[in-house]
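What follows is a short report on a single structure.
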Number of protein chains: 2
Amino acid sequence: MRPTVHDIADHAGVSLATVDRVLNRRPGVRAATRARVEAAIETLGYVRDVAAANLAKGRVYPFTFILPSSDNSFMHGLHDELRHAMARSASERTNIRIVEVPAFEPTALIATLAEARDTQPAGIALVAVEDEGVRAAIDAIAAEGIPVVTLVSDLPGSRRAHYAGVDNIAAGRTAGGLIGRFLRGRAGKIGVLAGSMLVRDHRERLDGFSAVLTADYPGLAILPVREGRDDPEVARAAVAGLMAEHPGLLGIYSLGAGNRGLIAALKARPDIRPVVIAHELTAFTRAALSEGLIDAVLNQDAGHEIRSAIRVLKAKADGVPVIAAQERIRIDIFLKDNLP
Amino acid sequence: MRPTVHDIADHAGVSLATVDRVLNRRPGVRAATRARVEAAIETLGYVRDVAAANLAKGRVYPFTFILPSSDNSFMHGLHDELRHAMARSASERTNIRIVEVPAFEPTALIATLAEARDTQPAGIALVAVEDEGVRAAIDAIAAEGIPVVTLVSDLPGSRRAHYAGVDNIAAGRTAGGLIGRFLRGRAGKIGVLAGSMLVRDHRERLDGFSAVLTADYPGLAILPVREGRDDPEVARAAVAGLMAEHPGLLGIYSLGAGNRGLIAALKARPDIRPVVIAHELTAFTRAALSEGLIDAVLNQDAGHEIRSAIRVLKAKADGVPVIAAQERIRIDIFLKDNLP
DNA sequence: AAAAATCTGATTTACGTACATCAAAATTTC
DNA sequence: GAAATTTTGATGTACGTAAATCAGATTTTT
């Protein structure tokens with residue numbers, strides 16, 4: 001049977017109250033006594049029963065999730081999954097508050113972070129935007145002992161406790177490897193459609209993609225990046241222009257959102273059939289995959305990201321280690337042959 | 001605040017003891033009273049606090065895992081992950097017992113299942129072998145109310161509560177789609193190396209692979225399947241023979257284990273460079289991917305499978321629903337460009 | 001050495017549920 | 001309508017921890 005606080009008290013020759021003081025970092029224990037208790041904890045291999053502790057504390061975890069109010073399928077999916085998680089709140093002892101902020105606006109995000117901090121939640125998750133002010137705001141929150149988790153888009157160099165999202169450089173490299181192999185031996189031009197180069201995940205995807213193509217497929221030349229601003233219509237125009245200017249286009253890598261526009265543009269020019277790789281499995285990309293308009297879709301599972309973020313926030317709030325392998329968010333690769 | 005048993009008692013106008021009798025199916029409650037209590041549970045939306053219940057019960061989950069004693073990297077990995085899970089037993093209230101059985105031997109598996117059943121665990125997980133006797137043994141255990149989960153290899157038609165493993169048909173289809181695209185436009189022969197066609201997951205992979213190639217890549221002809229028995233040396237000989245007989249071989253799909261042998265055979269014939277797709281990311285396949293000997297590896301994450309099996313067994317033992325999306329085991333696709 | 005400050009122990013209540021016991025009430029049986 | 005039976009209530013203990021209180025012991029300060 002695993003040891004309890006009583007065993008610790010006996011073994012250390014102190015009272016339950018003292019053990020409690022040590023365990024919960026309450027004041028009023030001499031250093032020597034504290035050491036004795038900690039030694040007992042060590043030798044008996046005591047681990048706090050988190051379930052019992054939470055029961056006793058009547059603990060709930062008030063979490064704040066800050067999400068961009070973008071109007072694309074992926075963000076809608078993220079919102080949906082978060083709502084599902086909120087529906088499970090009762091049994092998971094969480095109390096999740098969603099705050100929406102305009103996308104890609106550091107100022108708004110900084111203000112929202114400050115607000116969130118004032119409510120003193122047990123943890124904060126946010127889709128980060130690369131900005132010094134945002135970094136500082138995260139650091140300030142972390143300094144107060146409130147764990148911060150970045151979601152979907154990371155902010156390295158900040159004191160966020162964890163990043164719940166995919167490795168975007170690896171995603172870009174994967175796209176490069178696939179497009180290179182799909183076009184084995186051929187030489188020509190490859191177009192890239194991004195949302196905005198101001199967003200870190202898009203930049204990283206492009207970096208990974210370019211690195212692989214440059215190193216391994218010198219015959220494939222990457223054209224200047226077109227920005228679709230994650231907007232279907234802007235994306236459509238961008239791709240249409242791309243195809244008009246380069247009738248011999250061999251491939252397209254769409255690394256952002258707004259794939260509805262990409263698909264529309266492809267349908268408008270049935271005479272050009274480039275190899276196409278896109279991100280995020282939505283109703284639109286799924287249909288395009290089935291029809292053969294898109295060759296592969298790289299996907300990040302919003303549900304996994306949300307659940308992972310919550311698990312990690314809980315663990316950090318409890319000061320408990322996380323299972324790293326379990327929290328690695330993976331990149332799903334879908335062909336028309338393995339659609340779920 | 002979520003309702004407790006006290007709220008139910010008040011609302012139904014009965015005592016705590018009666019609520020308890022209803023909740024835990026204890027006898028001594030008139031049908032009319034039981035209905036009142038159940039109505040109160042329904043309208044208040046009461047859900048049992050599993051953590052508190054387990055604490056009160058002092059519940060531990062004795063689980064039995066039956067694994068084949070195969071000597072290949074994947075099974076070693078599975079064992080490792082299970083040992084990791086056992087290390088977490090204290091905090092997860094599990095008590096996991098591992099039983100090894102000879103691989104692919106229905107008789108041994110049936111006997112082991114009977115033994116396991118006698119110890120009356122809270123759940124059983126096993127790597128299934130396709131056999132009527134095994135199916136009957138599983139059904140008998142399920143009939144006793146002990147949840148059974150199949151791991152890695154399923155046994156449809158049995159009364160197992162869940163399958164913790166990948167969709168092997170989809171895996172085969174993915175391999176087919178990749179090999180087809182990697183060889184776009186070319187016509188020739190494709191070799192298949194399996195462990196044994198007596199194993200369900202291998203058969204399913206082959207089915208998926210064949211279906212895609214037949215439908216979409218008629219230029220690619222699948223040669224008769226060679227069996228490597230998941231043994232490196234047998235596999236090496238099989239592939240060497242394949243390459244000797246078909247110098248123009250365009251591709252190889254290795255859908256089982258023993259990839260060490262496959263790699264050795266490839267190295268021995270640098271004059272033939274087929275497109276190669278294999279299963280399971282191990283030290284060997286990883287190195288071969290980096291060197292370009294293998295083009296893609298389809299992987300199932302043993303850690304996820306183990307953790308998922310445990311989560312599901314717990315949920316089934318508690319009669320609690322599982323989050324289906326969370327328990328879907330995904331197929332990772334690795335190119336040399338996205339090795340973790 | 002006395003006073004003040006600090007540390008420690010003993011004890012109690014609580015969290016939400018499980019489970020057991022005994023008495024009281026309601027119902028059924030004869 | 002009394003006895004037998006079934007149903008229900010009241011109550012207490014337990015699980016492992018948290019948190020609070022108050023008394024007593026020890027240490028530090030003056």
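So you know, we letter chains A, B, ... as the sequences are listed, proteins then strands, and number each from 1. All values derive from a computational prediction rather than experimental measurement.
Just one residue in the list A:L113, A:I146, A:L109 forms a side-chain contact (heavy atoms from CB on, under 4.5 Å) with A:I138, and that residue is A:L113.
Note: NZ (A:K57) to C1' (D:dA19) measures 11 Å, nearest angstrom. Taking atom CG on A:D318 and atom P on D:dT17, their separation rounds to 14 Å, with Å as the unit. Atom pair A:D49:CG and C:dC15:P shows a separation of 18 Å (rounding to whole Å applied). Following rounding to the nearest Å, B:L55 (CG) and D:dA18 (P) show an atom-to-atom distance of 12 Å. Here D:dT26 presents its P atom at 13 Å from CZ of A:R36, a figure rounded to the nearest Å. Atom-to-atom, CZ of B:R59 to P of D:dG16 comes out at 15 Å; the value is rounded to the nearest Å. Rounded to whole Å, atom P of C:dA18 lies 8 Å from atom CZ of B:R26. The distance between atom CZ of A:R93 and atom P of D:dA18, rounded to the nearest whole Å, is 13 Å.
Between the side chain of B:S308 and the backbone N or O of B:E305 there is no donor-acceptor pair closer than 3.5 Å.
Annotation: side chain of B:L313 is not in contact with side chain of B:H162 (no heavy-atom distance under 4.5 Å).
If you check every strand for non-hydrogen atoms under 4.0 Å, A:G28 touches a base. If you check every strand for non-hydrogen atoms under 4.0 Å, B:N54 touches nothing.
Taking a cutoff of 4.0 Å between a charged side-chain nitrogen and a carboxylate oxygen, B:R135 and B:E130 qualify as a salt bridge. A salt bridge links B:R93 with A:D49; the closest basic N to acidic carboxylate O contact falls under 4.0 Å.
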Quick one, A:E81 with A:H304, criterion side-chain hydrogen bond (donor to acceptor under 3.5 Å, both in side chains). Give me CA distance, side-chain angles, the key distance, then yes/no.
CA-CA 9 Å; A:E81 290 294 344; A:H304 278 215; over 6 Å; no

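Residue B:A32 is the one, among B:A32 and B:G58, whose nearest nucleotide of DNA chain D lies closer to the 5' end (criterion: closest heavy atom).
Note on A:R48: every side-chain N or O is 4.0 Å or more away from OP1 and OP2 of D:dG16. The phosphate of C:dA26 (OP1 or OP2) has no side-chain N or O of B:R30 nearer than 4.0 angstrom.
Across residues 2-23 of chain B, B:G13, B:V14, B:S15, B:A17, B:T18, B:R21 each have a non-hydrogen atom less than 4.0 Å from an atom of DNA chain D (numbered order).
For the 3.5 Å distance criterion, the side chains of A:R330 and A:N299 fail to qualify, holding no donor opposite an acceptor.
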